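I have placed the structure first, in the form of structure tokens, so that the comments after it can refer back to it.
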Amino acid sequence: MSGLAAVGVVAGAGTAVAADGGARGQGGAIATIGGLKTYGAAVVHTEGEGDQEISAGLFEMSVEGGGTLQTYCVDLYNPTQKDARYEETPWSGTSLGANKDAGRVGWILQNSYPQVNDLASLARKAGITGLFTEQDAAAGTQVAIWRYSDDADVNAVDPQAEQLADYLQKAAKSTSEPAASLSLDPAAVSGRPGEPLGPVTVRTGASAVTVTPPMDAATSGVRIVDENGTPVTTAKNGSRLYFDVPEDAEAGTAELTVRGSTTVPVGRAFTADSRSQTQILAGSSESTVSATAGVTWAPQGAVPALSAEKNCAANGLDISASNPGDEDFVFELMGTEYTIPAGASRTVTIPLQEDQAYDFTITGPQGAAYRFTGVLDCRTQAAEARDLTTQTLSEPSPATVGGTSSSDTNLAETGGSSVTPIIAGTAIGLVTIGGATLLLVGRKEQAGRAGRD
């Protein structure tokens, strides 16, 4: 599904950036969305708003560094931005995290098109007779997913696609969230120079990954080593990496990056760095994946290590902070002061509004700066539609039933149709609080609607 965003916000998706400019994200694949490639038509039935005809099917993404992803939408009522940049994200950072039926979406992905690309076999399982095309398979799969991801009242226009959607909805069972294609745990460590700092554990489905040391390793003397102190240039799943910082090093920061090639597990979620609907993986070629971890060190005082992850269950951003130093680390955000005692670790949740873009920086006592940027996109519009003022757009009609795949589909035409809702009356403001600049996105209630809810 797609439309036009009321507000375009360019920001990272829950990443932290150290003073040297390196990103500390959650790791995995990063990709740019292209358009719908295989799709048919569907109709969404909305109480009080009538029926909305949209396109439903498979998107294609191009992976940075090489590779292609196929995805379905799990965010029906939100827009898709053409060429939006997406990154692999845990379900907890999306609407799936609080969705009791998220595991059923995973089952549908594993048991339908394109994972099951034998259309005759898929048709037999669904009791379908007659002509059954890839477009029917993609549309029916997307419709079944929307019924669980968005609790949507939606039907495929083509009878064969609708029959597949009904079969998948009834057959779906709960499955577990798949593991990340590549991650580093934790994403940040800290400590005193002269001792191994870590470990940072590699989690990946790749057979091996390359380990890239800090950019200034030649001058700083910082090495990446294993538990025996041996320098490493490659790692595998379960490898434990350490930063070896010279004992006489002044306070500073550094980063390591691991990179490899693997197929991304089906069912991994992808969120955008702009207001663009959440996607879920249906298929992957061999693709480039990467992850970064940072280190902060100082000979004395507080030595914080900070990383962040969106927490949709708490409607906020979880900042994980550890402080192995000998002084407390104190920082303030949004009018609240937080203290990480010496030798302690804490996770603090920064509350955010839905659809709120955030961009703030925490400066450590050693001069390291941790920048966190993103957009909190945790709920589907279906759950919040009563608080929205909407209008419709006049746009080209979606694909006709049994339409063919298109390589140049404009996302403003896919799924949006002539009745795609967009947010109207959006208020935007820049707020600076203790060095944190927040882009606040608010909504105005439609006159008279509050009294009816």
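On a predicted model such as this, the values are computed, not experimentally measured, just so you know. Because only heavy atoms are used, hydrogens play no part in the values below, and waters and symmetry mates are left out as well, while side chains stay in.
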For this session: Ignoring hydrogens and angles, tell me if any N or O in the side chain of Ser190 forms a donor-acceptor pair with the backbone of Val303 under 3.5 Å.
Result: yes
For this session: Output yes when Arg275 and Asp377 qualify as a salt bridge under the 4.0 Å nitrogen-oxygen rule, no when they do not.
Result: yes
Problem set entry | Residue pair Ala293 / Val200: nearest heavy atoms and the distance that separates them | CB-CG1, 3.9 Å
For this session: Would you check if the side chain of Trp107 reaches a backbone N or O of Ala171 as a donor-acceptor pair within less than 3.5 Å?
Result: no
Problem set entry | Any donor-acceptor N/O pair, Asp216 side chain to Thr219 backbone, under 3.5 Å | no
Seminar exercise, completed: Residue pairs meeting salt bridge (Lys or Arg N to Asp or Glu O under 4.0 Å), one or both in residues 336-352, sequence neighbours left out, come to none
For this session: Just grab all the side-chain hydrogen bond (donor to acceptor under 3.5 Å, both in side chains) pairs involving residues 58-68, residues at least two apart or on different chains.
Result: Glu64-Arg85
Problem set entry | side-chain hydrogen bond (donor to acceptor under 3.5 Å, both in side chains) contacts touching residues 179-189 (sequence neighbours left out) | Glu88-Ser181
Problem set entry | Ser287 side chain vs Gly67 backbone, donor-acceptor pair below 3.5 Å | no
For this session: Inspect the contact between Lys310 and Asp318 and indicate whether a charged nitrogen and a carboxylate oxygen are less than 4.0 angstrom apart.
Result: no
For this session: Look at atom CD of Glu195 and say whether more than 12 heavy atoms of other residues, nucleotides or ligands are closer to it than 6.0 Å.
Result: yes
For this session: May I ask you to decide if Ala180's main-chain N or O and Arg203's side chain share a donor-acceptor pair within less than 3.5 Å?
Result: no
For this session: Compute the ring centroids of Phe331 and Phe329, then answer whether they are less than 6.0 Å apart.
Result: yes
Exercise. Any donor-acceptor pair under 3.5 Å linking the side chain of Glu134 with the backbone of Thr38?
Worked result: no
Exercise. In this structure, which one of Thr94, Thr271, Thr278 forms a side-chain hydrogen bond (donor to acceptor under 3.5 Å, both in side chains) with Thr89?
Worked result: Thr271
Problem set entry | Residue among Leu76, Asp75, Val74 satisfying side-chain contact (heavy atoms from CB on, under 4.5 Å) with Gln277 | Asp75
